[in-house]
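These notes are about the structure you will find just below.
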Amino acid sequence: MLRVKAGDLNRMGLLFERYHRELFGFLYHMSGRPDVSEDMVQTVFYRMLKYRHTFTGNGAFRTWMYHLARNVLIDTVQQNKRSAHHYDVADFADRIGGGLPADESLHREQELALLRQALAKLSDEQREVLVLSRYQELKYDEIARILDTTEGAVKVRVHRAMNALKTIYLTSEHER
Amino acid sequence: MNCDGVNDKLPDWLSDELSLTERAAVDAHLAQCPACQQELAATRQVWQRMGAVTTPEPSPEMRTQFYTMLHSFDEAEQAVRKSTWGTRIDSLRQWWTPQLAGRVAFSFLLLSLGLVAGYWLPGRHTPDVAYQQRIDTLSTQVQEMREMMMLSLLENPSATERLRAVSYTKDLSDANGRVIDALLTTLNNDPNVNVRLVTLEALAELAHDPRVREGLVQSLTRQESPLVQVALADVMVKLQEKRSLKPLRQILRQAGVNELVKSKIEQTIRELS
């Protein structure tokens, strides 16, 4: 990234190849919409180019990337709220449920749909730490840098989110 | 380690965030606590279910779009970079040729020459002199015309016109001999008392001229109107004209002189002598 900052914009392609999948995964799990996520990936990389002078080189590129991604995410959600395209929980779960492979067993499909619904019911903050920890497979100290907080706070947040998810998921499973 | 402590560590256990010693402690507790085993199972179930949620592959268009964006961004950036200082200095250098420098120097030289010439020229005053001469000629001509008009107006049978003629003399800056003669004639011979009085006033203004003074003194004996006599006596006092004493005494000796005029003249004689 420092080379990109120095003017070697072609190096950006390398960074894209290395990170776009991870970034897409994060945005997808946070928004639940593949098409919107692709747009957001594009926006994040555009901002990397435009604001490359803000990259100090202190700390990892990945942390910086997640910082930008979170801002883009906030902007997108606000835009959608303004255009009355609200992120409805049921809507979100339905859309994810609809994308399942057809050869999955019905039971497994239902279980996954339930879990997605449960994830969607979490607050953005709770879902974020779980996504970063479970799907992005980041260590607590990395998450702490992304969220600008301490490792202990991340740990507490993950525990609370996990317990909340467990409660929502297990109760909905019993209700069935 | 108790159950609460283990419960707190379960997500860390699953996400492999525990140190080896911590992990050993949790494992040791789990082995002997069924409740915690159950809790771990539930958490693990959710954890694994989460892992089963697949992430779709981003579409290939995303890559194409990214490279299109990168390319256009790069081009825009280079265009901006080119149009900054380097190009500005280059264009300035192209524009600033030796011929141009020569021209600029020459124009400055001309300008300063003009300034120097403009500074020295007014010292000769040639245009001013001609102008002044013309003005002088014009004002002389106007003066002459006024005199002519006054002289002809004084001959006018209408007393009003003659009064106007006398009043013109105030505008004549310095009356010449002809004007003074005409005025004195009017003072001595005009049939209208008012015209004579106004003429006297006009002549009193011109009293710095010795001829006027002499004329006024001589006029004393010729006046018959008491009003003009009194007015003349006043003028004599004002001018402190000692030569008037003789004609004044002459008037006193005349028969049929107005009593009022008599006392006025006696007073004048006292003031003058």
Practice task
Please report the closest heavy-atom contact between G13(A) and L70(B), naming both atoms and the distance.
Solution key: N-CD2, 4.1 Å
Fill in the blank from the handout: In short, ring-ring contact (aromatic ring centres under 6.0 Å, His included) pairs touching residues 40-60 of chain B with sequence neighbours left out are none
Problem - CE (M148(B)) with more than 12 external heavy atoms under 6.0 Å - result: no
Practice task
Would you indicate whether the side-chain heavy atoms of R63(B) and H20(A) approach each other to under 4.5 Å?
Solution key: yes
Problem - Derivation of the side-chain contact (heavy atoms from CB on, under 4.5 Å) call for L114(A) and R49(B) - result: CA-CA 10 Å; L114(A) 270 180; R49(B) 227 15 76 76; over 6 Å; no
Problem - Interatomic spacing from CZ in F24(A) to OG in S59(B) - rounded to 0.5 Å - result: 7.5 Å
Problem - Sorted by number, residues from residues 161-169 of chain A in contact with chain B (heavy atoms, under 4.5 Å) - result: M162(A), L165(A), K166(A), Y169(A)
Side-chain donor-acceptor pairs under 3.5 Å in residues 100-107 of chain B, sequence neighbours left out?
| unit_1 | atom_1 | unit_2 | atom_2 | d |
| --- | --- | --- | --- | --- |
| S107(B) | OG | R103(B) | O | 3.1 |
| S107(B) | OG | V104(B) | O | 2.7 |

Handout entry: More than 12 heavy atoms from other groups under 6.0 Å of CZ on R62(A)
Key = yes
Practice task
Tell me, yes or no, whether the heavy-atom count around E125(A) atom CD, taken from other residues, nucleotides or ligands under 6.0 Å, exceeds 12.
Solution key: no
Problem - L138(A) portion near chain B, given a 4.5 angstrom heavy-atom threshold - result: backbone
Practice task
Select one option (side chain, backbone, both, neither) describing which atoms of L49(A) are under 4.5 Å from chain B's heavy atoms.
Solution key: both
Practice task
Step through the shown structure and confirm whether more than 12 heavy atoms of other residues, nucleotides or ligands are within 6.0 Å of OH on Y67(B).
Solution key: yes
Problem - Side chain, backbone, both or neither of E61(B) within contact of chain A (heavy atoms, under 4.5 Å) - result: neither
Practice task
State the NZ-CZ distance between K50(A) and F73(B), to the nearest 0.5 angstrom.
Solution key: 8.0 Å
Exercise for the section: Please state whether the side chain, the backbone, both or neither of F66(B) comes within less than 4.5 Å of a heavy atom of chain A. Expected result: both
Exercise for the section: Give, as side chain, backbone, both or neither, the part of Q48(B) having an atom under 4.5 angstrom from any heavy atom of chain A. Expected result: backbone
Handout entry: Q42(A) side chain to Q65(B) backbone, donor-acceptor under 3.5 Å
Key = yes
Exercise for the section: Write out all pairs satisfying ring-ring contact (aromatic ring centres under 6.0 Å, His included) with one or both partners inside residues 114-151 of chain A, taking only residues at least two apart or from two chains. Expected result: H29(A)-Y135(A)
Handout entry: Straight-line distance of M62(B) CE to D39(A) CG, nearest 0.5 Å
Key = 10.0 Å
Completion exercise
Cut-off 4.5 Å, heavy atoms of chain B, and the answer for E17(A) is side chain
Fill in the blank from the handout: So CE of M50(B) and CG of L115(A): to nearest 0.5 Å the spacing works out to 6.5 Å
